[in-house]
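Below: one structure, written as structure tokens.
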There are 2 protein chains.
Amino acid sequence: MNLNDSAIVGQLGAEARRRLSAAAEERNFRRGEALFHQGEPLKGLFILLAGRVKLSQVGPDGHETIMRLVAPGDAFAAVAAFSHARSYPVSALAMTDVTLAFWPRRTAQRLVSELPELAGLLTEEISRHAQVFQQRLREVSTERVSQRLARTLLRLAGQASRPHDAGTLIDFPLTRQDLAGLAGTTLFTVSRLLSAWSDRGILQVGRARVIIRSAPDLLMEAGGDDSPAS
Amino acid sequence: MNLNDSAIVGQLGAEARRRLSAAAEERNFRRGEALFHQGEPLKGLFILLAGRVKLSQVGPDGHETIMRLVAPGDAFAAVAAFSHARSYPVSALAMTDVTLAFWPRRTAQRLVSELPELAGLLTEEISRHAQVFQQRLREVSTERVSQRLARTLLRLAGQASRPHDAGTLIDFPLTRQDLAGLAGTTLFTVSRLLSAWSDRGILQVGRARVIIRSAPDLLMEAGGDDSPAS
DNA sequence: CATCGAGTTTGCGCGGGCGCAATGTTCACG
DNA sequence: CGTGAACATTGCGCCCGCGCAAACTCGATG
């Protein structure tokens, strides 16, 4: 994927795009490598060009909570581009081999301060994520596991999916453990629920692989539509 | 409280401050009134001058999750100042009689686009909140209720507290129900935990009132310090 | 000061979902 | 193509914390 194909860069004017490209460095990581760790000082701003990245927090007990899955074109660690934050709130792990565009912190801050369009787009991105966090926080506080898991799958399908024989393939290599980290439960419970839904023909599951065969049924499991809560 | 005493306004230059003040409208609400509801189209940007405001989401089943408690000087609904968002993700309720500074959406957007300092400060604010949401999301996904409640109380004490005989008074009028909405549990469980801690001398509790008598013990209950998770 | 409603406490029962162990399965890699 | 480690499944037991009911207490309000 080219930098200009990124949703965020695509919305910029020609001049801003040129300046971004000029300052970008390319970075590569192997599957399983960490791009950075939570608590570490901010290095800079990333836009993912190819592969998949997972952003997560692990608690003292080792439990992992996945905050975001990054697909090509997405920016992350945008917090590094704005001044006062000190360190990464999450760790970033390459789920596959990845290539990224990277801007060191100083550079990113300069670009953001000189390109108000860029600042605006990043801010919108940050607040969109904040809203998702709020929704997930409500879900995990008040809904039951099956609802949360169903909604998690639907959300993932909306973010990165590919058509597949008789279904929609969720285009992230997610283990049961990963799904548990997204939905706020354990891999055991995830496994049981996926098996049950598979038996009922709602899903087709495989190793680190989920295909949604009936989104409406899944939405039913999630307890109906939710977005515009009146 | 005067507008210029607000943390966010206080960091602005004289010129920006003048323009903000000039465009501000004063608004007043009675205790129990709603400033806006979730799903409603964005009205504009607020800075609280006096009183207490609660931002929360309620699910279809009626369960309430409190996203943020607002104290004087804090800005909220900052999302209204940036372009593409459509509607409030939360409802805002006056916990006491309140007075606010208000900027209609158009005005707020104009100010933000013409005052980069303001845009930067609001963005920092938004990302700080996003980080708190991430932390709460991890907590509610992986920790037990007592830990979460303890951490909730400590967080509140850090945000708005007053010294009091032999303790620190949490300066929000919070019912057990409210604390449950913050910690992701039920009012019953909150009541039981507060009673237990009160018996052990860690807290002193009253109607919609909590005084922390031993922060270290409470931190112990929370499972130790957490912030710089290495 | 009397009243009423909102807020709180406590007992009791039970069920969702965690935790572990053992086994089975699949894929990556040499 | 063979092998091992990572990933997945399933049974079983138990406990945290929810949910309701009933009783109580505080404080705002007229």
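Residue numbers start from 1 in every chain, and the chains themselves are labelled A, B, ... in the order their sequence lines are given, proteins ahead of strands. Everything quoted here is computed from the prediction, not taken from an experiment.
- Within residues 163-180 of chain A, the residues approached by DNA chain D to less than 4.0 Å at the level of any non-hydrogen atom are A:Thr175, A:Arg176, in residue-number order.
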Next on the checklist: Pair B:Arg162, B:His164 - check side chain to side chain contact (heavy atoms under 4.5 Å, CB included), show working.
Outcome noted: CA-CA 6 Å; B:Arg162 276 192 338 222; B:His164 192 272; 5.7 Å; no
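- Summarising the geometry, the separation between CD on A:Gln147 and C1' on C:dG16 is reported as 13 Å, rounded to the nearest angstrom.
- Of all nucleotides in DNA chain D having an atom under 4.0 Å from a heavy atom of chain A, the first and last in 5' to 3' order are D:dA6 to D:dC12.
- Judged by distance alone with a 3.5 Å cut-off, a donor-acceptor contact links the side chain of A:Arg192 to the base of C:dG19.
- For the pairing with A:Glu221, the side chain to side chain donor-acceptor pair (under 3.5 Å) check across A:Arg200, A:Gln147, A:Arg151 returns one residue only, A:Arg200.
- One distance of note links CZ of B:Phe76 with CD1 of B:Ile47; it measures 9.5 Å at 0.5 Å rounding.
- A donor-acceptor contact shorter than 3.5 Å links the side chain of A:Ser195 to the backbone of A:Ser191.
- The pair B:Arg128-B:Glu125 meets the salt-bridge criterion, with a side-chain N (NZ, NE, NH1 or NH2) lying under 4.0 Å from an Asp/Glu carboxylate O.
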Next on the checklist: Could you walk me through whether B:Glu143 and B:Arg138 satisfy the salt bridge (Lys or Arg N to Asp or Glu O under 4.0 Å) test, starting with their C-alpha distance in whole Å, then the side-chain angles of each, then the deciding distance to 0.1 Å, before giving a yes or no?
Outcome noted: CA-CA 8 Å; B:Glu143 296 181 347; B:Arg138 181 181 62 68; 3.8 Å; yes
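- No donor-acceptor distance shorter than 3.5 angstrom exists from the side chain of B:Ser87 to the backbone of B:Pro41, with no hydrogens or angles considered.
- Using modelled atom types, one side-chain atom of B:Arg136 and one backbone atom of B:Leu182 make a donor-acceptor pair closer than 3.5 Å.
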Next on the checklist: Working note: B:Ile211 + B:Thr168, criterion side chain to side chain contact (heavy atoms under 4.5 Å, CB included); need CA distance, chi angles, decisive distance, verdict.
Outcome noted: CA-CA 5 Å; B:Ile211 296 165; B:Thr168 306; 5.7 Å; no
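- Regarding A:Asp61, its CG atom lies at a distance of 13 Å from the C1' atom of C:dC18, rounded to whole Å.
- Projected onto DNA chain D by closest heavy-atom contact, B:Thr185 and B:Arg31 fall at different nucleotides, the more 5' of which corresponds to B:Thr185.
- Between A:Phe29 and A:Phe46, the gap from one ring centroid to the other reaches at least 6.0 Å.
- Here A:Thr189 does not reach the OP1 or OP2 of C:dG17: none of its side-chain N or O atoms lies under 4.0 Å away.
- In this structure, CG on B:Leu55 lies 6.0 Å from CZ on B:Phe36, to the nearest 0.5 angstrom.
- Under a 3.5 Å cut-off, the side chain of A:Gln38 and the backbone N or O of A:Val58 do form a donor-acceptor pair.
- Near DNA chain D, meaning a heavy atom under 4.0 Å from it, residues 198-209 of chain A has A:Arg207, A:Ala208 in order of number.
- With hydrogens and angles ignored, the 3.5 Å screen pairs a side-chain donor or acceptor of A:Thr175 with a backbone N or O of A:Asp178.
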Please tabulate the protein-to-nucleotide N/O contacts below 3.5 Å involving nucleotides 21-23 of chain C, giving atom names and distances.
none

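- Between B:Leu149 and B:Thr185, every side-chain heavy-atom pair lies at or beyond the 4.5 Å cut-off.
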Determine all donor-acceptor pairs shorter than 3.5 Å in which one atom belongs to a side chain in residues 92-101 of chain B; sequence neighbours excluded.
residue : atom : partner : partner atom : Å
B:Thr96 : OG1  : B:Arg52 : N            : 3.0
B:Asp97 : OD1  : B:Arg31 : N            : 2.8

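- Computed from C1' positions of five pairs at each end, the angle between the two local axes of the helix from C:dC1-D:dG30 to C:dG30-D:dC1 equals 60°, rounded to 10 degrees.
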